[in-house]
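Below is one structure; the comments refer to it alone.
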Amino acid sequence: MKSHTQSLLAESLNALKQQGVVPADFEARIQVDRTKDSSHGDFATNLAMMLTKAARKNPREIAQLIIDNLPESNHVEKVEIAGPGFINFFIDDNALANQLMQALASDTLGLILPESQTVVVDYSSPNLAKEMHVGHLRSTIIGDSIVRSLEFMGHNVIRQNHVGDWGTQFGMLLAYMEELRAANGEQAQMELSDLENFYRAAKVRFDESTDFANQARKLVVALQSGDKYCNKLWREFNDISLSHCHEIYQRLGVSLTRKDVRGESAYNADLEQVVAELDAQGLLSESNGAKVVFQPEFKNKEGEPLPVIIQKADGGYLYATSDMAAMRYRSNVLKADRALYFVDLRQALHFQQVFKLAKTAKFVREEMSFEHMGFGTMNGADGRPFKTRSGGVVKLIDLLKEADIRALDLVRSKNPDMDEAELTEIARVVGIASVKYADLSKNRTSDYIFSFEQMLSFEGNTAPYLLYAYTRVVGIFKRAQDVDLTGATIVLEHEREKALGTKLAQFGEVMDRVVDKGQPHALCAYLFELAGAFSSFYEACPVLAADTEAQKKSRLLLAKLTAKTLKQGLSLLGLETLERM
Ligand code: ARG
């Protein structure tokens with residue numbers, strides 16, 4: 001309906017151009033928004049205000065001309081001018097009911113799909129030297145919900161897990177692996193089951209023994225120059241480390257597979273070329289022996305230039321160097337239209353710098369869009385970055401285990417008589433959903449306080465509330481199994497039926513925003529409002545005890561579409577639903 005309204009306005013504007021009211025070359029972006037209050041209709045536009053200068057008339061006058069030139073549409077009941085010159089559109093109830101019927105019959109809830117694009121999504125991307133910690137939760141969860149949403153909207157998505165699998169720390173880890181193997185043979189395999197301890201122990205050895213440290217340095221050099229033995233060790237290490245990550249993905253219901261891993265090391269062979277090409281274009285400068293690029297728009301607070309470091313004085317390459325190579329690959333090999341990076345906001349400057357440089361150096365197609373979808377920090381109750389009681393980083397796996405235990409307590413307290421197997425399964429779904437939803441429902445760019453109490457509450461915009469709301473809607477059908485809905489249709493009579501119908505019709509608009517801006521919280525807020533609209537409807541409009549058979553069926557269809565929309569929406573967020581809880 002929103003795009004329909006937009007196209008009506010576009011036609012009217014064209015007519016005004018032909019009549020010479022608006023200059024023919026005037027380019028207007030026609031903005032149409034949902035109204036906040038139904039007394040202002042369903043949609044409003046400020047188009048008249050946008051045209052005042054070009055048409056040299058006052059906005060209300062132009063608004064009237066726009067209305068006079070709108071093509072006939074049986075979707076629109078009436079159009080009004082409001083305030084200084086807003087135009088309000090009231091959508092016809094039958095047209096709305098038709099839209100809902102189409103949504104019911106469609107696999108994609110009747111969405112009008114945009115032109116399909118190829119979109120690279122860089123997310124999760126942990127460093128493999130250590131175990132995944134809570135810092136990786138946000139990237140993984142938010143990225144995955146955007147991936148699901150983009151695919152639902154018909155885009156071709158290429159997941160890229162840009163893991164940190166390269167760098168000097170690997171020398172230390174390989175040296176330690178070597179040492180353990182020499183001492184206990186295959187036993188070393190076992191030690192790696194706890195990467196965190198492994199890393200710590202390796203670091204201790206590195207700091208206490210110069211021999212060890214020297215061996216570590218030697219191994220890095222050997223690794224980088226392609227030494228077979230070192231590469232074998234390195235691959236074994238990464239393989240174990242990655243299997244830790246995938247255990248977590250699986251537990252979280254995240255859609256990343258091993259095929260999606262393309263880490264920093266995948267770009268090794270290109271790095272020399274990156275430097276050579278920047279050099280050939282005269283973009284490189286030298287700073288303390290390092291090769292860097294200065295870009296005039298990047299300065300620190302003191303006004304001093306902030307370079308991108310491309311190659312260290314000792315010849316080593318950096319994070320930025322592999323990102324330059326990765327961008328080129330994403331543009332020229334993967335041929336993406338967009339590349340989205342779900343990475344901590346603290347890396348914002350890095351991305352601004354490399355995005356800019358890649359365009360300047362023509363490493364990427366000019367029209368391709370690179371978007372850093374940054375996110376804030378997950379904090380503990382004290383407002384500081386989330387830590388264990390003893391001040392260490394919280395391992396993701398421990399956090400998920402705790403969520404599971406707490407969810408089990410919660411579900412058991414609500415269902416004291418439920419059998420253990422069902423309790424456990426419900427708790428698994430609720431626990432994971434709560435952790436994910438708490439993250440997804442916050443504005444991506446803000447920091448947020450991680451709180452088990454809040455995320456496991458049945459009140460407010462939480463996973464338990466929504467999952468429970470879903471079971472209630474589904475429960476209505478269970479009691480209406482004998483009602484035959486073939487040939488039934490939706491008729492919107494009661495004010496709350498209309499309000500629910502209007503909410504249901506907004507799903508597509510919300511999804512546009514989710515994929516354009518990378519904002520799953522918009523979908524969360526929508527589902528929360530939808531559940532609220534359904535409760536208000538259900539309070540005022542009896543379904544099974546409706547006045548007539550036709551009314552009962554119409555209301556059942558509304559409930560059915562609500563269930564379908566909730567389930568689809570939750571699944572796009574990466575949440576499973578339950579039939580009872
Ligand atoms: N491994 C990095 C980290 O843990 C994130 C990588 C993000 N992606 C990228 N293309 N730079 O901070």
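In listed order, ligands and their atoms are each counted from 1. Count residues from 1 along the sequence. Note that this is a predicted model, so its numbers are computed, not measured.
Taking a 4.0 Å cut-off on heavy atoms, Gln160 fails to register as neighbouring ligand 1. Close to ligand 1: Gln347, with a non-hydrogen atom less than 4.0 angstrom away.
For His372 and Phe355, the gap between ring centers reaches or exceeds 6.0 Å.
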Do Phe198 and Tyr176 pass the ring-ring contact (aromatic ring centres under 6.0 Å, His included) test, and can you show the C-alpha distance, the side-chain angles, and the key distance before you say yes or no? CA-CA 8 Å; Phe198 188 88; Tyr176 191 57; 5.0 Å; yes
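Contact atoms of ligand 1 toward Val343: 7 (C), 8 (N) (distance under 4.0 Å to a heavy atom of the residue). Listed by number with element, the atoms of ligand 1 under 4.0 angstrom from any heavy atom of Tyr341 are 10 (N). Heavy-atom proximity to His136, at under 4.0 Å, picks out these atoms of ligand 1: 4 (O).
For Lys218, the NZ atom counts as loosely surrounded, since its 6.0 Å shell holds 12 or fewer non-hydrogen atoms of other residues, nucleotides or ligands.
Of the heavy atoms in Tyr267, none comes closer than 4.0 Å to ligand 1.
Protein heavy atom closest to atom 2 (C) of ligand 1, with residue, atom name and distance, is Ser125 O, 3.6 Å. Here the protein heavy atom with the shortest distance to atom 6 (C) of ligand 1 is Tyr319 OH, 3.2 Å.
In this structure, Ser125 contributes its side chain and Val163 its backbone to no donor-acceptor pair below 3.5 Å.
Gln281 approaches Thr360 most closely through the heavy-atom pair OE1-O, 4.1 Å.
With hydrogens and angles left out, the side-chain atoms of Arg217 and Gln215 include no donor and acceptor closer than 3.5 Å. Side-chain polar atoms of Gln347 and Tyr341 form no donor-acceptor pair below 3.5 angstrom.
Heavy-atom proximity to atom 1 (N) of ligand 1, evaluated over Asp323, Asp122, Asn127, is greatest for Asn127.
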